[in-house]
Amino acid sequence: MLSLTAVHLADRHLVPTPLAALGDSHGLTPDQLRMYHRFYGLQGVACHPGDLGPMLAQVLARAVASLPPAQRVRGQLFYCKTQTHNTLADRHWLRALADAQGLAGWEASAVTMTSCASALTLLHFAGLADTREPLIVLTGEKAFHPSVSRLPVGLLAEVPAAALFNSAAGGWQVRGTTVRHLPQFYQNPDAMAAEDRRALQGCYVDGLRAFLHDSLAHYAPHLRDDFTFLPHNLNQPVTTQLIRHFGWQSRSFQGDVAQIGHAYCSDIFVNLRAFEAAGPTASDQLLVLAAGTGVTFATCLLDRTPTDPKTGHCT
C-alpha cells in the first residue's frame with residue numbers, strides 16, 4: 001500500500017499574476033477576462049519565474065533532501081505531464097535531472113497518460129503494482145503560449161510539486177484509487193467536431209456524478225463519516241454542482257482556485273498542502289478528485305496516519 005510521506009512545493013517562488021497581466025502567456029481578450037472571472041471565479045493564476053528544468057529541479061531537490069541516505073540508492077521517479085509539446089525536448093532530460101539530484105540508481109520516466117488526471121492515474125497503477133520502494137511523483141508545467149495555456153473551463157498555472165511516497169511513517173496512506181476512461185472523447189474539446197463537443201457537454205456532468213457514486217460504493221468498506229472532499233481547481237461551476245448534488249457543502253475543501261488557477265497535475269498536491277496548512281481539522285480522511293481530457297476521471301482515498309508532532313504531517 002502506498003504511503004504519501006510529504007509534498008514539496010515552491011511556494012516562495014510563485015508569482016500571483018492578475019488576469020489582466022496574462023496577455024502574452026494566455027492571450028486573453030477583455031471578453032475572455034470577464035468570462036473567466038464571472039463563470040469560473042478566476043482573478044489570477046500562479047506563475048513561476050524559472051524555466052521548466054530549474055522549476056522542476058527546485059522541488060525535486062527538496063524531496064531528495066528529505067530522503068534518508070539509504071533510500072537514495074534505489075527508487076522510482078515519475079514526471080506526470082499533460083501535453084507532449086510543452087516540455088523539454090532532449091531525449092534524456094529527466095534522466096539528467098534525476099542524476100543531478102543524486103538519483104542515478106532510480107528509474108526515471110515521464111508519462112502523459114490522461115492529461116490532468118495523470119498523477120492520480122499513476123497512483124492507481126502504482127497501487128496495482130504494489131510498489132514498495134521510494135517513489136517521487138513530479139508535476140508542474142509552463143503555460144508559455146496561448147494555444148496551450150488556457151482551457152475553456154479554466155486557466156493554467158505554473159506550480160511545480162514533488163510528492164514523496166514510501167519514504168517514512170506518517171503522512172497519508174493511499175487507501176484506494178478508482179479510474180474511469182471515456183475514450184470516445186480523446187481529443188481536446190477545442191479540436192473536436194461540433195457534434196462530439198455537444199456529446200461531451202451532454203454526458204460530462206452526469207458521467208462524473210455517476211463515477212463519484214461508484215467510487216463511494218468502491219470505498220464503502222473504508223469510508224469514514226467525517227471524510228473531506230478535495231476536488232481539483234477546474235471547471236468551478238461543475239465542481240459546485242457536484243458538491244450540491246452530494247450534499248457535501250460542509251465537507252468540501254477547495255484550494256485557492258481564484259488566485260492560483262488550474263495547475264495541471266499539481267492541483268491535488270497543492271490543495272492537499274493547503275488543507276494541512278488550514279489548521280486542525282476533525283477529518284483524517286480525504287476523497288481526492290481529478291479529471292483530464294481523454295476523458296478520464298480519477299479519485300484517491302487518503303487516510304491520515306500518525307506522525308511525530310514535532311515534525312508535522314508534511315514538510
Side-chain angles (χ1 to χ4, degrees), residues 2-9 11 40-41 46 80 114 116-124 127 137 139-140 153-154 157 159 161-165 171-180 208-209 211-216 218-219 222-292 296-305 312-314:
L2 289 173
S3 176
L4 175 55
T5 306
V7 172
H8 300 274
L9 302 176
D11 312 71
Y40 303 106
C80 293
T114 52
C116 298
S118 290
L120 283 190
T121 304
L122 175 65
L123 297 188
H124 182 70
V137 178
T139 61
V153 293
V159 185
L164 175 60
F165 292 82
W172 298 85
Q173 203 81 21
V174 179
R175 180 62 63 182
T177 55
T178 60
V179 174
R180 179 167 298 165
L208 184 53
R209 186 185 298 132
F211 170 69
L212 274 175
H213 275 292
D214 290 344
S215 295
L216 292 174
H218 176 76
Y219 296 137
H222 308 291
L223 204 61
R224 302 177 185 175
D225 292 336
D226 65 346
F227 77 87
T228 294
F229 178 53
L230 194 76
H232 54 199
N233 291 2
L234 184 64
N235 203 335
Q236 189 62 21
V238 168
T239 301
T240 301
Q241 285 185 54
L242 289 173
I243 291 171
R244 289 174 177 169
H245 171 79
F246 287 96
W248 289 346
Q249 291 89 336
S250 63
R251 68 161 74 245
S252 295
F253 181 92
Q254 293 187 264
D256 189 359
V257 181
Q259 298 295 340
I260 292 179
H262 173 48
Y264 302 92
C265 295
S266 293
D267 273 359
I268 59 173
F269 302 127
V270 172
N271 293 345
L272 175 61
R273 282 291 303 272
F275 175 79
E276 294 200 325
T281 173
S283 180
D284 286 326
Q285 188 176 75
L286 296 176
L287 175 61
V288 182
L289 170 69
T296 302
F297 305 135
T299 66
C300 179
L301 189 67
L302 298 175
D303 282 346
R304 197 196 305 264
T305 53
H313 299 296
C314 284

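No side-chain heavy atom of Val270 sits under 4.5 Å from any side-chain heavy atom of Asn233. At least one side-chain heavy atom of Ile243 sits less than 4.5 Å from a side-chain heavy atom of Gln254. You'll find the side chain of Leu287 reaches within 4.5 Å of the side chain of Leu216, heavy atoms only. Taking the side chain as every heavy atom from C-beta outward, Leu272 and Val288 never approach each other to under 4.5 Å. Looking at Pro237 and Asn235, their side chains come closer than 4.5 Å, going by heavy atoms from C-beta outward.
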Begin with the C-alpha distance, continue with both residues' side-chain angles, and end with the deciding distance and a verdict on side chain to side chain contact (heavy atoms under 4.5 Å, CB included) for Val179 and Thr296. CA-CA 7 Å; Val179 174; Thr296 302; 3.9 Å; yes

Which is it for Thr139 and Tyr264 under the side chain to side chain contact (heavy atoms under 4.5 Å, CB included) test, yes or no, and what are the steps along the way? CA-CA 8 Å; Thr139 61; Tyr264 302 92; over 6 Å; no

Does the side chain to side chain contact (heavy atoms under 4.5 Å, CB included) test come out yes or no for Tyr40 and His262, once each step is laid out? CA-CA 11 Å; Tyr40 303 106; His262 173 48; over 6 Å; no

For a side chain to side chain contact (heavy atoms under 4.5 Å, CB included) check, start with the C-alpha distance between Leu289 and Leu242, then their side-chain angles and the critical distance, and finish with the verdict. CA-CA 11 Å; Leu289 170 69; Leu242 289 173; 4.2 Å; yes

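Rounding to the nearest 0.5 Å gives a distance of 8.0 Å between NE2 of His222 and CG of Leu301. Note that CG of Asp303 and CZ of Arg175 are 4.5 Å apart. Values are rounded to the nearest 0.5 Å. Atom CG in Leu212 sits 13.0 Å away from atom NE2 in His218 (nearest 0.5 Å). Between the CH2 atom of Trp172 and the OG atom of Ser3 there is a distance of 11.5 Å, given to the nearest 0.5 Å. Summarising the geometry, atom SG belonging to Cys300 is positioned 11.0 Å from atom CG belonging to Leu122; distances are rounded to the nearest 0.5 Å.
With sequence neighbours left out, Asp214 forms a salt bridge (charged side-chain N to carboxylate O under 4.0 Å, His left out) with Arg180. Under the rule for a ring pair (Phe, Tyr, Trp, His ring centres under 6.0 Å), the partners of His213 that lie at least two apart in sequence or sit in another chain are His245, Phe246. In this structure, Arg251 has no salt bridge (charged side-chain N to carboxylate O under 4.0 Å, His left out) partners at least two apart in sequence or on a different chain. Residues passing the ring pair (Phe, Tyr, Trp, His ring centres under 6.0 Å) test with Phe297, sequence neighbours excluded: Tyr204, Phe211. Phe253 pairs by the ring pair (Phe, Tyr, Trp, His ring centres under 6.0 Å) definition with Phe275, not counting sequence neighbours. Legend: residues meeting ring pair (Phe, Tyr, Trp, His ring centres under 6.0 Å) with Phe227, ordered by chain and number and at least two apart, are Trp248.
Nearest heavy-atom pair, Leu120 versus Ile268, reported as atom, atom and distance to 0.1 Å: CD2-CD1, 3.5 Å. Taking every heavy atom of both residues into account, Ala117 and Gly292 meet most closely at CB-N, 3.8 Å. In terms of heavy atoms, Ala157 sits closest to Ala46 at CB-O, 3.3 Å. Closest of all the heavy-atom pairs between Ala119 and Cys80 is CA-SG, 3.9 Å. Here the closest non-hydrogen pair linking Arg273 and His8 is NH1-CA, 4.2 Å. Residues Tyr219 and Thr178 approach most closely at OH-N, 3.3 Å, considering heavy atoms.
Formation of a donor-acceptor pair under 3.5 Å by the Thr228 side chain with backbone atoms of Leu286 is not found in this model. Of the possible donor and acceptor atoms, one in the side chain of Gln285 sits under 3.5 Å from a partner among the backbone N and O of Arg224. Between the side chain of Thr177 and the main chain of Ala298, no donor-acceptor pair closer than 3.5 Å is present. Side-chain N or O atoms of Asn271 include one that pairs as donor or acceptor with a backbone N or O of Pro231 at under 3.5 Å. In this structure, the side chain of Ser266 engages the main chain of Val159 through a donor-acceptor pair within 3.5 Å.
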